[in-house]
Number of protein chains: 2
Amino acid sequence: MSPERPRSRRGEGAQLKEEILVAAEELLLETGSEDEVSIRAVAERVGVTPPSIYRHFADKGTLLFEVCDRQFDRFHEYLDAKGSGHSDPVEALKATGRAYIEFGLSYPEHYRIMFMGRSDLTPQQYEDHVLAEHESFMALVGSVQECVDAGRIRTDAMEAATLLWTVTHGVTSLLIAKPNFPWPPVEVLVEHVLDMVEHGLFTPGPDETG
Amino acid sequence: MSPERPRSRRGEGAQLKEEILVAAEELLLETGSEDEVSIRAVAERVGVTPPSIYRHFADKGTLLFEVCDRQFDRFHEYLDAKGSGHSDPVEALKATGRAYIEFGLSYPEHYRIMFMGRSDLTPQQYEDHVLAEHESFMALVGSVQECVDAGRIRTDAMEAATLLWTVTHGVTSLLIAKPNFPWPPVEVLVEHVLDMVEHGLFTPGPDETG
DNA sequence: TGTACATCAGTGAACGCGCGTTCACTGATGTAC
DNA sequence: TGTACATCAGTGAACGCGCGTTCACTGATGTAC
């Protein structure tokens, strides 16, 4: 194998780790399949031999895990950004829902790994029971709580947040799994779902009449 | 390999086909993973050598496809049974939703293959765009149409059916993917979701006051 | 300023594994005469 | 009623494949004296 990538200088070995993570992520996005992200494929893309990967990652699982980890961070940041800056707490929640679906559809294979994969293959850090304490979910519960405090929501915050999650997940995951179904335009579908949630879960705001 | 299974008598070779289908389905349910359903594993369970499989199935994909096919039939039958015999069309729809989730949770790995798998790996017969014309989905649209005819629903039937599907799918698939999340009791979650749909999508019936 | 040496970033070749699949075959069994 | 034969239900051994991973190594480079 001819060296396509110039060797890092002494002390800069960690550079390769970053390149490996980027390559693995690219492969995941381009091929749309976890199976295609083999150690060999990642190594080839980076321009390095397969054993080099093991200088930076204990095994394949750890590599994929770290790829997801970065994605999770971005996921949270994005939801956070889109959910803040709204005066109406219900609007903030709807904006978060929109952002959730949007992000999932932008990174379908990441979403698949994070939320559609087999539970027993999921990296430890993202095990189901930990998710509820993850900052993203906590933020959602917080946003829901604001609606509760404003007297705009019926049930308790944790339960309503769970419900919201299942609904937005439904849209996201089904669009990912069945992209060729005769869907209405995505924006229309999303707005209808959010409208349904709003009518079904929220009481009218102060400036509306019941 | 010692013959664990007595050879079928002449003319009864098709018997093995049935046994293979049953074994493959059992493996799918027990291991909970499509990957575990290898030709070798199926053959071993039946008590036959791997090449025997190829007397009845062209390749591995066809075998898995036929396993799903049978499951789809049962899926449809179950929904049909649970959805019929209701005087109120909205109640009929809610019963179908309940049955949908219940069935998915009873056969999680089948559900995974049918509705959570990669679109390009899905057997031809269940490709996304065909699904909309599948009898199960048509039946759902029909049930929704009855609600429309009774003046109980806002939007058009096809769109409302799609919406209902995404919502029930959300509950089912997330419970399958994240079984250890601190969910409320399943029945509670399901009823809350269906209530939300009812309040968000339906107008009150004639004997209720708006 | 020169040289020996430890360190670091990678390489090259090979390992065992389980997989789907193929191919030539065997031996029991029903059927024709 | 007996026998030759075609057919059918499977077997046994092997194929090539790509995979994750290991192990002994190489050669450039910074550092100590």
Side-chain angles (χ1 to χ4, degrees), chain A residues 1-24 27-28 30-68 113 118 120-121 123, chain B residues 1-24 27-28 30-68 113 118 120-121 123:
Chain A
M1 181 160 297
S2 59
E4 300 163 20
R5 190 192 97 112
R7 176 178 298 233
S8 289
R9 308 180 71 184
R10 215 133 159 243
E12 295 173 9
Q15 167 75 19
L16 178 56
K17 181 169 185 175
E18 176 66 22
E19 290 178 37
I20 291 169
L21 283 168
V22 169
L27 272 172
L28 205 56
E30 288 171 21
T31 67
S33 166
E34 193 175 344
D35 295 344
E36 304 280 333
V37 187
S38 65
I39 292 286
R40 281 169 167 84
V42 173
E44 192 190 1
R45 167 159 299 221
V46 174
V48 111
T49 58
S52 305
I53 308 278
Y54 292 90
R55 294 185 62 79
H56 299 283
F57 300 92
D59 50 32
K60 194 194 170 185
T62 308
L63 167 55
L64 282 176
F65 161 91
E66 292 203 25
V67 170
C68 291
I113 291 174
R118 293 189 52 203
D120 52 341
L121 298 182
Chain B
M1 182 160 294
S2 59
E4 301 163 19
R5 189 194 96 111
R7 178 179 295 234
S8 290
R9 308 181 70 185
R10 210 129 164 252
E12 294 173 8
Q15 167 76 18
L16 178 55
K17 180 170 186 175
E18 176 66 22
E19 290 178 36
I20 291 169
L21 284 168
V22 170
L27 273 172
L28 204 56
E30 288 171 21
T31 67
S33 166
E34 193 175 344
D35 296 343
E36 304 280 333
V37 187
S38 65
I39 292 286
R40 280 169 167 85
V42 173
E44 192 190 2
R45 167 158 300 220
V46 174
V48 112
T49 59
S52 305
I53 308 278
Y54 291 89
R55 294 184 62 77
H56 299 283
F57 300 92
D59 51 33
K60 194 195 171 185
T62 307
L63 167 55
L64 281 175
F65 161 91
E66 292 204 25
V67 170
C68 291
I113 291 174
R118 292 189 52 205
D120 53 339
L121 299 181

Return the pairing partner of [N] with a 3.5 Å limit on both distances, Watson-Crick or G-U wobble; otherwise return none.
N	value
D/dA28	C/dT7
D/dT1	none
D/dG12	C/dC23

Only residue of B/Leu63, B/Val48, B/Val67 satisfying side-chain contact (heavy atoms from CB on, under 4.5 Å) with B/Ile20 is B/Leu63
Rounding to 0.5 Å, atoms CZ (B/Arg7) and OG (B/Ser52) come to a distance of 8.5 Å
[atom1] of [X] versus [atom2] of [N]: gap in Å, rounded?
X	N	atom1	atom2	answer
A/Tyr54	D/dA24	OH	C1'	17 Å
B/Ile39	D/dT11	CD1	C1'	16 Å
A/Lys17	C/dG10	NZ	P	14 Å
B/Glu34	C/dG20	CD	C1'	14 Å
A/Leu64	D/dG20	CG	C1'	12 Å
B/Glu12	D/dT7	CD	C1'	15 Å
B/Arg40	C/dC17	CZ	P	13 Å
A/Glu36	D/dG18	CD	P	12 Å

Which one, [options], comes nearest to the side chain of [X]?
X	options	result
B/Arg55	D/dA9, D/dG30, C/dG20	D/dA9
B/Pro51	D/dA13, D/dC23, C/dA14	D/dA13
A/Ser38	C/dC19, C/dT21, D/dC19	D/dC19

(message) salt bridge (charged side-chain N to carboxylate O under 4.0 Å, His left out) for A/Glu30 and A/Arg45? Distances and angles first, verdict last.
(response) CA-CA 12 Å; A/Glu30 288 171 21; A/Arg45 167 159 299 221; 2.9 Å; yes
Check your understanding: So, the side chain of B/Thr62 versus the backbone of B/Ala58: is there a donor-acceptor pair under 3.5 Å, distance only?
Key -> no
May I ask you to evaluate whether [X] reaches the phosphate of [N], defined as a side-chain N or O under 4.0 Å from OP1 or OP2?
X	N	result
B/Arg5	D/dG10	yes
A/Arg10	D/dT31	no
B/Ser52	D/dT11	yes
B/Ser8	D/dC8	no
A/Arg7	C/dG10	no
B/Thr49	D/dT11	yes

Judged by nearest nucleotide, the residue sitting upstream toward the 5' end of DNA chain C, B/Asp59 or A/His56, is A/His56
| request: Count the heavy atoms of every other residue, nucleotide or ligand shown that sit under 6.0 Å from CD of A/Glu19, and state whether that count exceeds 12. | output: yes
*I would like to know whether B/Val46 and B/Arg5 meet side-chain contact (heavy atoms from CB on, under 4.5 Å); could you show each step before the answer?*
CA-CA 7 Å; B/Val46 174; B/Arg5 189 194 96 111; 3.9 Å; yes
Could you check whether B/Arg9 gets within reach of a base, just the sugar-phosphate, or nothing at all, counting any heavy atom under 4.0 Å?
sugar-phosphate
